Peer 1: 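What follows is a single structure, and I will ask about it in a moment.
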Amino acid sequence: MSLTNRILIAMVAGIATGSIINMLMHATGVSAELKSLVDVYLVNGLFDVIGRIFIASLKLLVVPLVLVSLICGSSSLGDSARMGPIAVKTLSFYLATTAIAISLALLFAVLLSPGAGVVLEGAADFQAGPAPPITDVLVDIFPSNPVRAMADGKMLQIIVFALLFGYAISHAGEPGRRLASFFRDVDAVIMKMVEVLMALAPYGVFALLSRLFSSMGIGAIMDLAAYFFTVLGVLLLHALGVYSILLRSLAGLSPAMLIRKMRPVWAFAFSTASSGATLPITLRTVEKRLGVHNSVAGFTVPLGATINMDGTAIMQGVATVFIAQVYGVDLSMGDFITVVLTATLASIGTAAVPGVGLVTLALVLEQAGLPVEGIALIIGVDRLLDMVRTAVNVTGDATVSVIVGKSEDQFDQHVFDDPMADQLDSDGGRSSPAVG
């Protein structure tokens with residue numbers, strides 16, 4: 001059985017197992033001793049340990065993978081004067097797709113009115129941390145200590161350092177060529193580590209989802225069904241519709257092939273709810289399965305994992321209208337424009353802020369003149385939606401990478417068209433050689 005199918009089976013099995021455990025824990029005919037054993041030894045024991053080890057293993061690879069991939073990519077492009085245009089294209093696409101995402105969210109939220117009829121019970125309680133000023137965001141992009149940036153996992157600072165280092169390698173003559181060869185070897189070794197981790201992924205995915213749904217349960221969705229399904233519908237429309245149109249119209253490529261090859265990445269994104277933790281898998285898929293050369297993918301994918309927030313922007317758009325409807329506030333066209341601009345620009349600078357989705361939502365609500373405490377109304381289902389919007393975000397990273405790679409002639413059409421490219425089989429082998 002292919003790795004993709006094993007991961008998808010593990011995902012479904014994890015959701016089912018967690019839901020069954022959740023019903024067991026709330027059943028009246030089950031003894032307290034059995035509930036305690038299941039909670040201590042299974043949910044917060046076995047599932048918790050395996051899930052945390054899996055997440056830690058993913059995070060282990062993020063910083064070295066981003067650093068080495070960017071150095072390899074920028075060193076190969078440093079003497080061709082293409083890094084500037086690639087950066088401009090990438091950033092422009094990410095901002096444009098984010099603006100489209102939140103515009104769609106506002107449109108469908110107004111049409112469907114998910115907050116209509118919702119009764120506000122008591123005072124909501126939510127404390128949002130302050131969003132950093134834009135000046136601090138801009139200054140914080142540039143590292144004063146690259147080692148500290150890598151230790152703290154500050155992706156924007158790592159990206160800036162790696163781009164500068166790779167550019168210097170390309171202009172350092174023979175020493176630079178030797179160092180570039182060394183980093184290419186390191187990149188190959190790190191990709192092998194990713195391959196090993198992917199082989200173990202079904203167990204981590206199963207443990208993560210089993211633990212999550214055992215504590216939350218499917219029933220949490222029904223409390224805010226209109227809001228939940230409005231956000232979910234716009235997320236699916238953006239991922240399967242907008243990205244498909246962009247890929248077909250701008251690159252002339254098959255959206256169905258990209259969707260097929262992104263399935264294992266979606267499983268990782270859904271189970272981890274983190275674009276950063278999914279980054280090693282996303283980068284490998286973009287390079288080895290979608291055919292984007294490392295010189296482009298090594299830049300576009302890490303940058304997308306840091307600033308591309310299409311899924312979060314959709315949540316912010318629907319949540320803004322939902323909270324306005326619950327509190328009986330009418331939003332003007334000027335308020336809608338403010339929400340679009342605020343959420344789009346905030347996507348650049350919120351990577352270093354903990355709880356990025358809720359913090360930026362607080363910023364959007366303040367700009368629109370809505371009560372920030374309304375965020376507490378949607379916290380109950382935010383974790384589930386966070387899993388889906390992370391899958392949307394990584395799809396955007398892959399789509400933009402393919403479009404930019406195709407436009408820069410840093411793209412292998414044969415790899416993209418090959419449905420079995422880099423497909424891990426049950427023995428752990430690969431059906432086709434790695435690209436670029």
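Treat the numbers as computed from the prediction; the structure is a model and nothing was measured.
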Peer 1: Show the nearest heavy-atom pair for residues Ala297 and Pro302, with the distance to one decimal.
Peer 2: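 For Ala297 versus Pro302, the nearest heavy atoms are O-CD, 3.4 Å.
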
Peer 1: Do you know which two heavy atoms are closest between Pro143 and Ala149, and how far apart they sit?
Peer 2: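 Distance-wise, the nearest heavy atoms are CB-CB, 4.4 Å.
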
Peer 1: To the closest 0.5 Å, what do you measure between CG (Leu67) and SG (Cys72)?
Peer 2: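 Interatomic distance, Leu67 CG to Cys72 SG, rounded to 0.5 Å: 9.5 Å.
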
Peer 1: What distance separates Glu287 CD from Ser295 OG, expressed to the nearest 0.5 Å?
Peer 2: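 Glu287 atom CD to Ser295 atom OG measures 9.0 Å (nearest 0.5 Å).
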
Peer 1: Output, in order, the C-alpha distance, side-chain angles, deciding distance and verdict of side-chain contact (heavy atoms from CB on, under 4.5 Å) for Leu250 and Phe93.
Peer 2: CA-CA 11 Å; Leu250 299 179; Phe93 275 123; 3.5 Å; yes

Peer 1: So do Glu195 and Arg284 actually touch side chain to side chain, heavy atoms under 4.5 Å?
Peer 2: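 Yes, at least one pair of side-chain atoms sits under 4.5 Å.
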
Peer 1: CZ/Phe411 to CD1/Ile403 distance, rounded to the nearest 0.5 angstrom?
Peer 2: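 Answer for the CZ-CD1 pair, Phe411 versus Ile403, is 10.5 Å.
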
Peer 1: Quick one: are Ile259 and Ser244 in side-chain contact, heavy atoms under 4.5 Å?
Peer 2: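 Yes; the side chains approach each other to less than 4.5 Å.
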
Peer 1: Determine whether Lys406 and Val292 make a side-chain contact, defined as any pair of heavy atoms from C-beta on separated by less than 4.5 Å.
Peer 2: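 Lys406 vs Val292: side chains apart.
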
Peer 1: Can you check side-chain hydrogen bond (donor to acceptor under 3.5 Å, both in side chains) on Asp310 and Thr98, steps first, answer last?
Peer 2: CA-CA 5 Å; Asp310 289 4; Thr98 301; 2.8 Å; yes

Peer 1: Partners of Phe161 by ring-ring contact (aromatic ring centres under 6.0 Å, His included), sequence neighbours excluded?
Peer 2: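 Scan of Phe161 (ring-ring contact (aromatic ring centres under 6.0 Å, His included), adjacent residues dropped) gives Phe165.
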
Peer 1: Checking the side chain of Asp335 only, and the main-chain atoms of Ser332 only, is there a donor and an acceptor separated by less than 3.5 Å?
Peer 2: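 Checking the backbone N and O of Ser332 against the side chain of Asp335, a donor-acceptor pair under 3.5 Å is found.
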
Peer 1: Is there side-chain contact between Met262 and Val394, with at least one heavy-atom pair below 4.5 Å?
Peer 2: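 Yes, at least one pair of side-chain atoms sits under 4.5 Å.
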
Peer 1: Does Thr399 use its side chain to pair, donor to acceptor, with the backbone of Gly396 at less than 3.5 Å?
Peer 2: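 Between the backbone of Gly396 and the side chain of Thr399 there is no qualifying donor-acceptor contact (under 3.5 Å).
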
Peer 1: Looking at every non-hydrogen atom in both residues, tell me the closest pair between Pro255 and Leu247 and how far apart they are.
Peer 2: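 Answer, listing the atom of Pro255 first, then Leu247: CA-CD2, 3.8 Å.
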
Peer 1: OG of Ser210 to CD1 of Ile20: how many Å apart, nearest 0.5 Å?
Peer 2: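 Spacing of OG (Ser210) from CD1 (Ile20) equals 9.5 Å.
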
Peer 1: If you measure from the Lys or Arg side-chain nitrogens to the Asp or Glu carboxylate oxygens, is any gap between Asp48 and Arg52 under 4.0 Å?
Peer 2: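 Salt bridge present between Asp48 and Arg52.
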
Peer 1: My understanding is that only residues two or more places apart in sequence, or in another chain, count here; which of them pass ring-ring contact (aromatic ring centres under 6.0 Å, His included) with Phe299?
Peer 2: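 With sequence neighbours excluded, Phe299 shows a ring-ring contact (aromatic ring centres under 6.0 Å, His included) to no residue whatsoever.
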
Peer 1: Can you check whether Gly14's main-chain N or O pairs, donor with acceptor, with Thr17's side chain at less than 3.5 Å?
Peer 2: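 The answer is no, because no donor-acceptor pair under 3.5 Å joins these two groups.
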
Peer 1: Given the rule in the side-chain contact (heavy atoms from CB on, under 4.5 Å) test, do Ile314 and Leu104 qualify, once you have shown the distances and angles that lead to the verdict?
Peer 2: CA-CA 8 Å; Ile314 289 171; Leu104 283 175; 6.0 Å; no

Peer 1: Ignoring hydrogens, what is the shortest heavy-atom contact between Ile378 and Ala319? Give both atom names and the distance.
Peer 2: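 Where Ile378 meets Ala319 most closely, the heavy atoms are CD1-CB, 3.8 Å.
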
Peer 1: Does any part of the side chain of Phe206, heavy atoms only, come nearer than 4.5 Å to the side chain of Ile50, both counted from C-beta?
Peer 2: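 Not touching, per the 4.5 Å side-chain cut-off.
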
Peer 1: What distance do Ile159 atom CD1 and Leu303 atom CG have between them, rounded to the nearest 0.5 Å?
Peer 2: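 So the gap between those two atoms works out to 5.0 Å.
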
Peer 1: Does any non-hydrogen side-chain atom of Met333 lie less than 4.5 Å from one of Ile337?
Peer 2: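 With C-beta onward as the side chain, the pair touches.
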
Peer 1: State whether the side chain of Lys89 and the backbone N or O of Val400 hold a donor-acceptor pair below 3.5 Å, judged by distance alone.
Peer 2: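 No; judged by distance alone, with no hydrogens or angles, the pair does not exist.
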
Peer 1: Hey, mind stepping through Gln413 and Leu253 against side-chain contact (heavy atoms from CB on, under 4.5 Å) and telling me if it holds?
Peer 2: CA-CA 9 Å; Gln413 182 81 43; Leu253 298 172; 3.3 Å; yes

Peer 1: Is there side-chain contact between Phe336 and Val110, with at least one heavy-atom pair below 4.5 Å?
Peer 2: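 A side-chain contact exists here, since the closest heavy-atom pair is under 4.5 Å.
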
Peer 1: Taking Lys35 for the side chain and Ala27 for the main chain, is one N or O donor matched with an acceptor at less than 3.5 Å?
Peer 2: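 Judged by distance alone, yes, a pair lies under 3.5 Å.
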
Peer 1: How close do Leu209 and Ser271 get, counting heavy atoms only, and between which atoms?
Peer 2: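 So the minimum-distance heavy-atom pair works out to CD2-CA, 3.9 Å.
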
Peer 1: Given Asn308, which of Asn393, Thr395, Asp397 fulfils the side chain to side chain donor-acceptor pair (under 3.5 Å) condition?
Peer 2: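 Of all the options given, the one that passes is Asp397.
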
Peer 1: Rounded to the nearest 0.5 Å, what's the gap from CG on Leu235 to CG on Leu240? Could you check?
Peer 2: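 Answer rounded to 0.5 Å: 10.5 Å.
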
Peer 1: With ring pair (Phe, Tyr, Trp, His ring centres under 6.0 Å) as the rule and sequence neighbours excluded, what pairs involving residues 255-285 come up?
Peer 2: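 Sorted result for residues 255-285: Phe54-Phe268.
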
Peer 1: Testing the 3.5 Å rule here: is there a donor-acceptor pair between the side chains of Thr300 and Thr90?
Peer 2: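 On atom types as modelled, these side chains do not qualify, holding no pair under 3.5 Å.
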
Peer 1: So do the side chains of Tyr327 and Leu370 get within less than 4.5 Å of each other, counting heavy atoms only?
Peer 2: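 Counting from C-beta outward, Tyr327 and Leu370 never come under 4.5 Å.
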
Peer 1: Which heavy atom of Ala201 sits nearest to which heavy atom of Ile7, and what is that distance?
Peer 2: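 Residues Ala201 and Ile7, closest heavy atoms: CB-CD1, 4.1 Å.
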
Peer 1: After noting the C-alpha distance and the side-chain angles of Val326 and Tyr227, does the key distance pass the side-chain contact (heavy atoms from CB on, under 4.5 Å) rule?
Peer 2: CA-CA 11 Å; Val326 170; Tyr227 167 77; over 6 Å; no

Peer 1: Quick check against the 3.5 Å criterion: does Thr278 have a side-chain atom that pairs as donor or acceptor with the backbone of Ser274?
Peer 2: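 Yes: the side chain of Thr278 pairs with the backbone of Ser274.
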
